[in-house]
Amino acid sequence: MDPQLSLLLNGIVSGLLLGGLYAAAAAGLAISFGMLDIVNIAHPALMVMGAFVVVAIGTALGLDPLLVALLVAPLFYLVGIGIYGFYHHFFERRGEEALQGLAFFFGVIFIVEVGLVMAFGPEQRFLDPPYAFITWRLGEVDLPLRMLVPAALAVTVVGLLILWLRRSFTGLAIAAVAQDADALRLMAVDPVKIKRLAFGISIALAGMAGGALVVVQPVEPSSGQIFIGRVFAIVIMGGMASLPGMVTAALLFGVVENVTATFYGPSWSPAVAFGWLLLVLAFRPQGLFGRAA
Amino acid sequence: MSGAVLLHAAGVGKRFGGFIALEAVDITLRPGERLGLIGPNGSGKSTFVNCISGDFAQHEGKVTLGGHALEGLKPHRRARLGLARTFQLPQPFASLSVLENVRVPLLFGADPAQATRRAMECLEQVEMAGKAEKLPRELTQVEQRRLELARAIALDPRLLIADEAMAGLSHAEIDQILALLLRLNAAGTAVIMIEHIMRAVTEFAERLVVFVAGRKIADGVPREVLAMQEVEDAYLGRQ
Amino acid sequence: MSATTLTRAAIAAPPRHAVFWLGAIGLGVALLVILRAIGNDYGYFAGYFILQYVVLASAWNILGGYAGYVNFGAAGFMAAGAYTAIALRKATGLDLMPGILAGAVVAGLLGLGTGYLTLRLRGVFFSIATLCLAVVLQTLVVNWDYVGGSRGAYIVNPMEIPPFVSWGEYMFVVMLVLAIGTVGIARALEHSRIGAGLAAIRDNERAAEAVGVPTLRLKLIATTLCGALMGVAGAPLPYYSGYLNPDAAFSLSYAVNAIAMPLIGGAGTWAGPVIGAVLLGTLQQAATVTISSALNLWIVGWMLVVFVALFPRGIMGWFRRRR
């Protein structure tokens with residue numbers, strides 16, 4: 001095969017796998033930002049916190065990072081409940097989410113990021129499971145398990161989430177809460193309770209995504225910063241409240257970013273994220289797959 | 001009907017996805033006319049207002065105001081052409097005093113230097129001069145409605161769209177607002193009154209338009225329109 | 001009560017420009033005299049540090065406090081100013097003053113561009129865009145060898161610059177003038193019709209548009225001015241420290257302080273960011289001597305969260321009966 005073509009093919013395939021990681025990172029945000037209308041810019045910072053917790057526990061107990069990620073998810077659910085309680089009490093209830101609420105989440109980013117520096121130091125942390133060094137080969141295409149396993153976990157979790165949101169009463173209530181809180185009240189459902197639950201889930205997803213992140217790459221306290229542009233671009237591109245749209249956008253994003261990195265060097269990939277975000281905001285704010293208003 | 005036309009809406013329509021909120025509505029308004037616009041909830045009254053005011057950037061059909069095509073103009077440009085509106089729920093600038101609220105439109109108008117003086121005049125017109133220093137949250141509901149009207153008057157409008165300006169008010173308060181609107185109309189401003197309170201509409205309007213399910217089903221003298229079988233059906237069937 | 005007396009009371013404070021300018025200049029001269037009397041270069045250093053935050057916080061307030069649009073990219077705009085100054089010096093040999101001007105223009109255009117692309121949408125999209133802007137600008141600078149890339153760039157400053165006693169004093173005076181100018185601009189803007197329009201946008205954008213306020217144009221003026229003044233805060237940075245690398249220019253502390261200072265001082269009034277900058281700046285100067293810079297930032301983060309939750313009107317809110 002032509003080496004350029006092979007390079008491109010590999011770039012696309014590992015881009016898809018990278019997209020799986022992005023889907024994990026953006027899944028929680030699609031709930032909080034997309035469905036609940038809570039602009040949680042601290043989502044990536046909490047994901048990185050998840051990664052550090054996974055490294056700490058996984059190293060201490062000698063467990064697989066992805067297994068640990070599933071185990072710490074309930075912990076992050078509780079963290080999410082706490083954050084939402086605070087946010088609702090001080091900002092959402094007063095109608096001050098636009099300026100003060102946003103500043104609050106910005107403060108959370110700092111508290112998390114600097115807190116991680118103080119607790120773990122500014123160095124990179126990693127925790128490599130044994131399969132991280134195995135690469136499957138399909139003809140010319142490499143399938144590194146370091147990328148494949150987290151992507152598979154991410155897609156599974158998001159798939160289950162989609163099913164749950166579509167099939168269960170609570171799931172349907174979450175999808176409806178931002179559009180029509182009054183209708184929920186008529187059905188004797190407390191919208192605040194629904195939002196608290198959903199926000200808890202979104203942060204649990206952030207924690208799990210942290211586990212996936214640590215398998216793919218070493219993490220440092222400031223790793224979250226570069227994810228902010230990516231995950232928001234992905235959620236907006238996916239059409240805000242649509243998880244299937246989000247997954248599609250994440251895969252596409254992973255491919256574009258990875259192909260750029262393959263041909264122009266990895267130091268340019270953050271620029272890709274931002275460029276996409278701006279293009280989407282400027283030309284298709286309703287998302288790639290949404291209908292024009 | 002003599003030749004002068006203030007507002008001309010031709011084939012105005014709006015759809016959201018597959019849902020047709022408003023379909024092919026034609027309305028022509030003479031300068032200084034008092035039009036009542038009624039219809040059940042969801043019949044497209046507010047959609048129509050938002051098409052005229054420019055809140056919906058895109059819609060079907062054409063609208064002109066005093067001969068100017070409004071297509072593509074943002075709400076603030078339409079306001080400068082003499083189109084003022086009030087909102088169903090009063091939308092004051094919460095951190096600004098009553099006087100500052102009314103100064104805002106004047107500061108961006110033809111004579112900013114006179115903004116404060118003109119704002120006081122507008123407040124006097126709605127009998128709110130004594131409340132100039134208050135913040136909006138310190139006002140009663142009817143006072144908030146008056147503030148909203150003062151802010152609209154400050155635009156020196158040729159057409160005022162009063163979108164349920166009397167909802168939630170008492171009998172006596174409704175009369176006060178009606179008197180204000182009549183005085184404004186006597187000074188030459190055409191008014192489109194959108195209202196559920198039938199007493200107010202019949203007292204005010206010299207012409208009545210009825211919307212049902214996104215279409216105009218009647219347009220004429222109030223007494224005749226209200227006697228129409230379709231209008232009665234629409235109201236009995238829906239409410 | 002006659003209409004005129006009412007009027008005077010109802011329109012906030014009447015702008016007394018002469019009093020403000022004389023007071024500001026008097027205060028500036030007094031500061032300089034005191035610092036010269038102390039005769040320690042650390043005084044100039046601490047003064048520069050705080051004044052630079054006065055500029056940055058006032059710039060943020062023009063968009064965030066007056067119009068209610070959150071700009072997270074302070075570090076990015078500031079670094080844009082700093083690196084413009086470096087590039088200009090390398091390319092043309094022009095030094096500090098033209099560098100400040102160029103930094104203002106470049107950062108202002110950056111603000112205008114970001115605003116133009118995102119401000120027609122909900123305000124939060126603008127905020128998200130500014131959040132990524134710093135990351136991307138940092139990528140560009142790291143990859144741009146002409147301005148030193150990740151290694152950083154040196155600027156050799158003259159040893160003596162009469163009539164000033166030291167380079168440190170000169171830089172302090174420059175920043176003092178910039179700070180007074182910035183606060184003056186912010187204050188004049190607040191009392192102008194643009195200020196009234198921005199306040200209307202902050203309170204209710206749809207109603208503002210409906211009563212004839214050209215909202216998009218005003219927002220673009222605010223984003224441009226905000227970006228330009230942040231560039232002004234950053235442009236002297238390489239001259240001040242003699243060396244600048246991307247990590248220092250894009251430092252997190254700029255981003256968090258630019259938001260924390262106005263919100264803690266009281267957003268929406270020109271005095272709020274000044275109070276916040278002096279307070280937090282002094283606190284951080286004192287704290288770096290005793291505790292680590294990480295803990296320092298951590299405390300700022302907590303203060304931000306506590307203040308926006310408990311005192312949404314900031315310190316200025318305590319002095320105001322209402323609003």
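The basis for the numbers below is simple: all heavy atoms, side chains too, and nothing from hydrogens, waters or symmetry mates. Proteins come first, then strands; the chains are lettered A, B, ... in the order of their sequence lines, and each starts at number 1. Here the structure is a predicted model, which means the values were calculated and not measured.
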Given a strict heavy-atom distance threshold of 4.5 Å, which part of B:P157 is in contact with chain C: side chain, backbone, both, or neither?
neither

Within 6.0 Å of CZ in C:F20, more than 12 heavy atoms from elsewhere
yes

Once rounded to the nearest 0.5 Å, what's the spacing between atom NZ of B:K74 and atom OG1 of C:T215?
5.5 Å

Heavy atoms only, distances under 4.5 angstrom: which of B:H76, B:R78, B:R117 has the most pairs with chain C? Name it, please.
B:H76

Sequence neighbours left out, what pairs pass salt bridge (charged side-chain N to carboxylate O under 4.0 Å, His left out) with at least one residue falling in residues 80-90 of chain B?
B:D55-B:R85, B:R85-B:D163

Within residues 198-211 of chain C, the residues sitting under 4.5 Å from chain B by heavy atom, in sequence order, are C:A199, C:A200, C:R202, C:D203, C:N204, C:R206, C:A207, C:A208, C:E209, C:A210, C:V211

side-chain hydrogen bond (donor to acceptor under 3.5 Å, both in side chains) filter on C:Y66, not counting sequence neighbours, yields C:E190

Less than 4.5 Å apart, any side-chain heavy atom of B:F108 and any of C:L218?
yes

Check this for me: B:E71, atom CD, are more than 12 non-hydrogen atoms of other residues, nucleotides or ligands nearer than 6.0 Å?
no

Can you run down the salt bridge (charged side-chain N to carboxylate O under 4.0 Å, His left out) pairs that involve residues 259-279 of chain C, sequence neighbours left out, and say none if there aren't any?
none

